[in-house]
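All chains are named by letter (A, B, ...) in the order of the sequence lines, taking the proteins before the strands, and each is independently numbered beginning at 1.
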2 protein chains.
Amino acid sequence: MLSNSCKYAIRSVIYLALNSTVNKKIGSKEVALKLNMPQAFLAKILQELTRKHLISSTKGPKGGFFLTDENLNNSVLDIVSCVDGLDAFNVCFLGLRTCSSSKPCSVHHIVEPFKNDIFTQLSNNTITQFANDIRKGTYFISLD
Amino acid sequence: MLSNSCKYAIRSVIYLALNSTVNKKIGSKEVALKLNMPQAFLAKILQELTRKHLISSTKGPKGGFFLTDENLNNSVLDIVSCVDGLDAFNVCFLGLRTCSSSKPCSVHHIVEPFKNDIFTQLSNNTITQFANDIRKGTYFISLD
DNA sequence: ATTATAAAAGATAAAAAGGTCTTTAAATAA
DNA sequence: TTATTTAAAGACCTTTTTATCTTTTATAAT
């Protein structure tokens, strides 16, 4: 459902939320190493997130990526929207153009509530809230 | 979640279940036309389904694709399994290797029930049952 | 037997996703 | 001010997905 790029993006942003501050910026190299992602590819993704103001960066020595308070108040859905767009939440599981609650496909009644739930979960919670749940040990974002 | 090929496959098989018999075989051309799919590409997909005995075919005049009673008793998950494999049902939404009920990612509790529900729906119902629900008007597979 | 028809087979190609490498620009520390 | 560090930019490459085109094979109708 989410692209590889998007999964990398989400995990990276949460990593930055948990580990970086404006005084402790983190390079794409460290993120890639810690989260086991291809470094150059991740750099491109972080570059894109920076351009769209979802994360922040500075160049040079002691430079790197970090999150401002504004960045922290974005939702995870903002990340998804930036990287993948929101199409995934608006298309029929079986690829039917005309699928709807009044003309449901065979799995519509299963897929629709799921899409709503996941959409709500991703849009109603900020990066900060996601990070806090990790800090508390409610959820886990393993360093794969 | 499902590839384009897989969606084409599912819709085609249901179309065949609803419209073909051993005495009224249907060509890939008709299926492609009626379901608005690229004909040559669909032909490849149907060829694969035939090779794996999920649908049946004969060549020549009055030839085409159709479903035997055995074909009709397969589950839709058999189609998915044939075209895409079952990986989609076994991976974490956020791409974490170690995501599980004891170390859940932030959306695990939403995604896991969904995957179970959709898996059950696709594996517990035969092609015939899917087709019957369409015939009865319970569900709809529009001719896009 | 010949012809027409339709799937099977296989080569090819376009587009998208995933990923790498090199060069340039900006910032800091010395 | 020079060297170093790190992101930005952009060219390039690989794999997968999606798709097309051509040739061959099987079958049925005539």
A.B. asks: For the residue pair B:K115 and B:F89, would you count it as a cation-pi contact if the rule is NZ or CZ under 6.0 angstrom from the ring centre and within 45 degrees of the ring axis?
C.D. replies: no

A.B. asks: Roughly how many Å is it from CG in A:L49 to C1' in D:dA8, rounded to a whole number?
C.D. replies: 14 Å

A.B. asks: Is A:I79 close to A:N74 at the side-chain level, that is, under 4.5 Å between some pair of heavy atoms?
C.D. replies: no

A.B. asks: Give a yes or no on whether the backbone of A:L86 and the side-chain of A:N90 come within a donor-acceptor separation of less than 3.5 Å.
C.D. replies: yes

A.B. asks: Given atom CZ of B:F41 and atom P of C:dG10, what is their separation to the nearest angstrom?
C.D. replies: 18 Å

A.B. asks: Is there a side-chain contact between A:Y8 and the phosphate of C:dG18, meaning an N or O under 4.0 Å from OP1 or OP2?
C.D. replies: no

A.B. asks: What integer distance in Å separates B:N4:CG from C:dA15:P?
C.D. replies: 15 Å

A.B. asks: Quick one: bend of the helix from C:dA1-D:dT30 to C:dA30-D:dT1 from 5 pairs per end, to 10°?
C.D. replies: 0°

A.B. asks: What is the distance from NZ of B:K52 to C1' of C:dA8, rounded to the nearest Å?
C.D. replies: 16 Å

A.B. asks: Between the base of C:dA7 and the side chain of B:K29, is there any donor-acceptor pair under 3.5 Å?
C.D. replies: no

A.B. asks: Nearest to the B:K62 side chain among C:dA7, D:dA29, C:dG18, which nucleotide is it?
C.D. replies: D:dA29

A.B. asks: Pick the nucleotide of DNA chain D nearest each of A:P61 and A:K44; which residue has the one closer to the 5' end?
C.D. replies: A:P61

A.B. asks: Write down the distance between CD (A:E48) and P (C:dG18), rounded to a whole number of angstrom.
C.D. replies: 14 Å

A.B. asks: Just distance, no hydrogens or angles: give the donor-acceptor pairs under 3.5 Å from side chains in residues 41-48 of chain B, sequence neighbours left out.
C.D. replies:
residue	atom	partner	partner atom	Å
B:E48	OE1	B:R51	NH2	3.0
B:E48	OE2	B:K52	NZ	3.2

A.B. asks: Which residue, A:L2 or B:G63, contacts DNA chain C at a nucleotide closer to its 5' end, judged by nearest heavy atom?
C.D. replies: B:G63

A.B. asks: Between C:dT20 atom P and A:I45 atom CD1, what is the distance in whole Å?
C.D. replies: 11 Å

A.B. asks: In whole Å, I'd like the distance from the NZ atom of B:K24 to the P atom of C:dA6.
C.D. replies: 14 Å

A.B. asks: Where along residues 53-60 of chain B does a heavy atom fall under 4.0 Å from DNA chain D?
C.D. replies: B:K59, B:G60

A.B. asks: Within the 4.5 Å heavy-atom criterion, are B:F119 and B:L77 side-chain neighbours or not?
C.D. replies: yes

A.B. asks: Ignoring hydrogens and angles, tell me if any N or O in the side chain of B:Q129 forms a donor-acceptor pair with the backbone of B:T126 under 3.5 Å.
C.D. replies: yes

A.B. asks: Could you tell me whether the phosphate oxygens of D:dA9, OP1 or OP2, come under 4.0 Å of any side-chain nitrogen or oxygen in A:Q47?
C.D. replies: yes

